[in-house]
2 protein chains.
Amino acid sequence: MIQNLSEHQREDLLEALAQGGQKVTPQREVVYAVLLAKRDHPTVDEVFQRARESMPGLSLATVYNCLETFVGCGLVRQVNHERESTRYCPNLAPHAHFRDESTGRVHDIELPAHVLSTLRSILPNGFETDSIEISFHGHTKNSRTHTSN
Amino acid sequence: MIQNLSEHQREDLLEALAQGGQKVTPQREVVYAVLLAKRDHPTVDEVFQRARESMPGLSLATVYNCLETFVGCGLVRQVNHERESTRYCPNLAPHAHFRDESTGRVHDIELPAHVLSTLRSILPNGFETDSIEISFHGHTKNSRTHTSN
DNA sequence: CTGAGGTTTTGAATCATTCTAAACACCCAC
DNA sequence: GTGGGTGTTTAGAATGATTCAAAACCTCAG
């Protein structure tokens with residue numbers, strides 16, 4: 001079962017939504033709480049399943065709506081991998097994604113500023129970037145398990 | 001109308017397919033020729049349309065099959081962008097993609113070796129990469145138009 | 001209380017992609 | 001050349017994620 005949002009988290013949510021002239025609703029709180037509870041890059045459907053545990057009447061379309069809204073106000077980031085269902089993670093520092101082919105799990109990889117600027121430097125003149133996405137594919141050797149966000 | 005493959009190109013095709021124990025077929029030739037003719041990262045459907053001009057009976061499923069085969073033998077690369085249709089480009093040097101949000105066009109960005117190694121260096125221990133995908137989103141200032149491959 | 005506007009719900013619709021089964025085509029052994 | 005066997009192509013149905021449409025809901029301003 002999903003915890004409620006902390007004061008602080010509800011603040012973030014409210015503030016972010018307010019910027020786009022949108023409100024906090026019970027559904028949005030639940031969906032946001034689900035994302036914060038387990039940062040394992042869930043698909044829409046996974047979010048839906050988890051959110052339903054605390055709010056049984058919730059509909060799938062609403063989950064799509066909420067997530068889209070969150071993405072719109074920069075609260076959450078979309079992760080697309082090949083042709084699979086879109087996954088979501090609560091936004092934090094800039095990071096790349098590592099997709100483990102064997103487990104299907106997605107790990108976040110911290111992205112130091114110098115790497116970002118190196119990347120930007122390879123763009124020819126006239127190319128203006130809004131965002132850069134980097135994803136690694138491979139597999140993890142079980143050295144230590146790595147936190148997935 | 002699509003040109004036939006050059007000697008050299010047919011060679012490449014034959015060799016690549018042979019490795020997977022697969023044959024050159026008229027359909028595969030046409031699809032491959034389409035990819036080489038205009039390196040603008042066409043979708044399956046675009047490939048289908050173009051290929052049909054030289055081979056009217058060609059079916060969409062076959063285009064899917066051919067492209068999948070090519071990807072399987074490393075002749076061609078898939079480019080996924082957000083949730084849009086998959087696009088294809090004939091494989092060459094390692095490169096990143098730049099997606100112009102205003103035109104929807106995809107440009108290839110050359111990827112120097114040092115950038116690749118910088119990227120690999122940010123992976124924690126135990127992460128083994130097979131491939132890295134980098135995509136920029138943004139827009140292009142019309143300095144000079146840039147070739148799209 | 002009344003209405004306007006954004007939100008949620010349900011179910012239908014869309015779109016890319018995959019699957020299935022039947023028809024083909026080619027090659028090898030006889 | 002004839003009959004299989006194997007891999008390929010075809011057409012159309014099926015799937016799955018996502019989006020759309022319309023009705024029901026809520027909430028807040030007047």
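For clarity, every value in this text was computed on a predicted model and none was experimentally measured. These numbers come from the heavy atoms of this one structure, side chains and all, not from hydrogens, waters or symmetry mates. Here is how names work: the chains are called A, B, and so on, in the same order as the sequence lines, proteins then strands, and each is numbered from 1.
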CA sep, side-chain torsions, deciding dist, call: Arg28(B), Phe70(B), side-chain contact (heavy atoms from CB on, under 4.5 Å): CA-CA 9 Å; Arg28(B) 284 173 181 169; Phe70(B) 296 163; 4.0 Å; yes

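- Rounded to an integer number of Å, the gap from Glu82(B) CD to dT19(D) C1' is 16 Å.
- Within the 4.5 Å cutoff, the side chain of Pro94(A) has heavy atoms near those of the Leu116(A) side chain.
- Atom CZ of Phe48(B) and atom C1' of dC15(C) are 15 Å apart (whole Å).
- Using a 4.5 Å heavy-atom threshold, the side chains of Ile122(B) and Glu110(A) count as separate.
- Of the residues in residues 50-60 of chain A, those with a non-hydrogen atom less than 4.0 angstrom from any atom of DNA chain C are Gly57(A), Leu58(A), Ser59(A).
- Listed for the Gln22(A) side chain is a donor-acceptor partner under 3.5 Å among the backbone atoms of Gly20(A).
- Taking the ring centroids of His81(B) and His97(B), they lie at or beyond the 6.0 Å cut-off.
- Between Glu53(B) and Val34(B) there is no side-chain heavy-atom pair separated by less than 4.5 Å.
- Atom CG in Asn80(A) sits roughly 13 Å away from atom P in dA17(D) (whole-Å rounding).
- Rounded to whole angstrom, the span from the CD atom of Gln78(B) across to the C1' atom of dT18(C) amounts to 13 Å.
- Residue-level contact check: Thr86(B) touches the backbone only, with heavy atoms under 4.0 Å from sugar-phosphate atoms and none from bases.
- Closest approach to the Val44(B) side chain among dA11(D), dC20(D), dT17(C) is made by dT17(C) (side chain taken as heavy atoms from C-beta onward).
- The phosphate of dA17(D) (OP1 or OP2) has no side-chain N or O of Arg83(B) nearer than 4.0 angstrom.
- Nucleotide dT18(D) holds its P atom 11 Å from the CD atom of Glu46(A), rounded to whole Å.
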message: Does Leu119(B) form a side-chain contact (heavy atoms from CB on, under 4.5 Å) with Thr118(A)? I'd like the steps, not just the answer.
response: CA-CA 10 Å; Leu119(B) 279 171; Thr118(A) 301; over 6 Å; no

Report task. Kindly indicate, with the supporting measurements, whether the criterion side-chain hydrogen bond (donor to acceptor under 3.5 Å, both in side chains) is fulfilled by Arg99(B) and Ser135(B). Result -> CA-CA 7 Å; Arg99(B) 168 87 200 295; Ser135(B) 59; over 6 Å; no

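- Applying a 4.0 Å cut-off to non-hydrogen atoms, the residues of residues 62-75 of chain B that approach DNA chain D are Thr62(B), Asn65(B), listed by residue number.
- Looking at residues 18-35 of chain B, you'll see Gln22(B), Thr25(B), Gln27(B), Arg28(B) sit with a heavy atom under 4.0 Å from some atom of DNA chain D.
- Below 30°, between 30° and 60°, or above 60°: for Phe98(A) and Phe136(A) the angle between ring planes is below 30°, a parallel geometry.
- The CD atom of Glu101(A) lies 6.5 Å from the OG atom of Ser131(B); values are rounded to the nearest 0.5 Å.
- Here the options are Arg50(A), Arg87(A), Arg105(A), the test is salt bridge (charged side-chain N to carboxylate O under 4.0 Å, His left out), and the partner is Asp40(A); only Arg50(A) passes.
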